[in-house]
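Here the structure is laid out as structure tokens; the discussion comes afterwards.
Letters go in sequence order (proteins before strands), and every chain restarts at 1.
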There are 2 protein chains.
Amino acid sequence: MIRVAVIEDLSSYRSALQVLLNGTAGFECMAVFENAEIAYNELPVLQPDIALVDINLPGMNGIELVRFIRTASPTTLCMMCTAYDEDEKVFKALEAGAHGYILKSTSPAKLLEAIVDLKNGGSPMSHEIARKVVMTFNKKPNPDLAQLTSRETELLKLLVEGLLYKEIAVRLGISIETVKRHCFNIYQKLHVSNRSEAINKYHGNHHH
Amino acid sequence: MIRVAVIEDLSSYRSALQVLLNGTAGFECMAVFENAEIAYNELPVLQPDIALVDINLPGMNGIELVRFIRTASPTTLCMMCTAYDEDEKVFKALEAGAHGYILKSTSPAKLLEAIVDLKNGGSPMSHEIARKVVMTFNKKPNPDLAQLTSRETELLKLLVEGLLYKEIAVRLGISIETVKRHCFNIYQKLHVSNRSEAINKYHGNHHH
DNA sequence: CCAGTTATACAACAAAAGGGGGATTGACTG
DNA sequence: CAGTCAATCCCCCTTTTGTTGTATAACTGG
């Protein structure tokens, strides 16, 4: 029996979920909440297996609620549920600790399947969401980095780690003067003039 | 008709895929390759819709091959296929440009489903893989960062960007001495002793 | 109103990083 | 074999960064 809590402001969708869950063997809709504030108080006590959280809630939004749930009810798995796949919110939600992310257009059958998947250690995501998530990994390496020799690359990694020149010298068993010379060459090849800029180049400029 | 190419060194699995694909309506196994080198030469000409690539190949591995395919045949979607879900390889593969990542334990039916999903803009992943991928986003912000005042946070962002002290001073309209003082305070709060370490703390220490 | 915090600033110093020049060695290459 | 290149080291010098002491004005909570 999978114990689910629903946090959703739209009453029609909220009720539909409740009926669907309670009408299916193996599922129990243990609570429904119309906003994040009420859920905030009740969820730590209920400790559901799954929290189905709408992103766009009045007042505190779903992402903040997930961030809270993840610490206040660590065993609860959070599935975001939203009408549109707004790019930024997807990643904000995952950073907050969401385990799955589905669209409201998902069919009831697929929704139940997703809940089971979540419980079994998966991370169900809608088509578009999964592709977006995977695409964030696809970083094209800066071509400048390819110009570095293997020794320079080795040294760059230590630079990125934040080691002092003298620490790098010890680590590589070379003179500090050689470290400086390598850095000089690396900066030339990367077209930067200091360590911080080199770190940014190394990380491909934009985080995630 | 979805045109699939298979790159897989294990002949039994390779043949099984070929039979499965050619025996199913809507799929065509247009080519099979037993190693990456042959595929390297042929794929740019074939331009398949989907490449099913085994990760562990003799000689050039599947990840390098995917990196090549993504530039030499940009419309081809790459699905990694591997026996075990070795953590590092998953992310290396996604960075190289893989669109999907499934385990060989996946049933034939699910495999076909995954290929269709891929073609339709999704990114099919096995249970465990999807959870791993999602988990990399779940970065708990360093509590030290919360200790910073808003001004310090503002300054830290400029530090991370790699600006010189004097540039920061101009940008914020304050004296360079004040910049230094702020940095000093920031380093104290983050428990670091230089800019590079602060950048690492800001980015949550481990890349991805 | 007092104590604490924040942002600001100056001075002086120490440490680290950056930017050249020049030189040697070994390995690989046409 | 001559030439190139990667890796190493040394020297000198400048700029930047990090540390510390001190101080003031503004605001904030008890």
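Here the C1' atom of nucleotide D:dC10 and the OH atom of A:Tyr165 are 17 Å apart, to the nearest Å. For the pair B:Lys189 NZ and D:dT19 C1', the computed distance is 17 Å after rounding to whole Å. When rounded to the nearest whole Å, the span between CG of A:Leu156 and C1' of C:dG18 equals 16 Å. Taking atom CG of residue A:Leu172 and atom C1' of nucleotide D:dT8, one finds them 12 Å apart after rounding to whole Å. Regarding B:Tyr187, its OH atom lies at a distance of 12 Å from the C1' atom of C:dA16, rounded to whole Å. Atom P of nucleotide D:dT17 and atom CD1 of B:Ile199 are separated by 11 Å, given to the nearest angstrom. Per the geometry, CD belonging to A:Glu197 stands 13 Å off C1' belonging to D:dT16, to the nearest Å. The CG-P distance, from B:Asn194 to C:dG18, rounds to 11 Å in whole Å.
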Going through the distances and angles, do A:Glu128 and A:Arg131 end up as a salt bridge (Lys or Arg N to Asp or Glu O under 4.0 Å)? CA-CA 5 Å; A:Glu128 310 87 333; A:Arg131 178 63 70 89; over 6 Å; no
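Of the residues in residues 174-184 of chain A, A:Ile174, A:Ser175, A:Glu177, A:Thr178, A:Lys180, A:Arg181, A:His182 come within less than 4.0 Å of DNA chain D through at least one heavy atom, sorted by number. Within a heavy-atom distance below 4.0 Å of DNA chain D, the residues of residues 148-155 of chain A found are A:Thr149, A:Arg151.
Within the 4.5 Å cutoff, the side chain of B:Asn200 has no heavy atoms near those of the B:Val192 side chain. Between B:Tyr202 and B:Ile186 there is no side-chain heavy-atom pair separated by less than 4.5 Å.
Between B:Phe137 and A:Phe137, the ring-plane angle classifies as perpendicular under the 30° and 60° cut-offs.
Among B:Val66, B:Leu43, B:Leu52, the one residue that satisfies the side-chain contact (heavy atoms from CB on, under 4.5 Å) test with B:Ile7 is B:Leu43.
B:Asp49 has a carboxylate O that lies under 4.0 Å from a charged side-chain N of B:Arg3, or vice versa, which qualifies the two as a salt bridge. Between A:Lys92 and A:Glu95 there is no salt bridge, since no side-chain N of the basic residue sits under 4.0 Å from a carboxylate O of the acidic one. A salt bridge links A:Asp54 and A:Lys104; the closest N-O separation between the charged side-chain nitrogens and carboxylate oxygens is under 4.0 Å. At a threshold of 4.0 Å, the pair B:Arg67-B:Glu64 counts as salt-bridged, since one of the basic side-chain nitrogens sits closer than that to a carboxylate oxygen.
If you check every strand for non-hydrogen atoms under 4.0 Å, A:Asn185 touches nothing.
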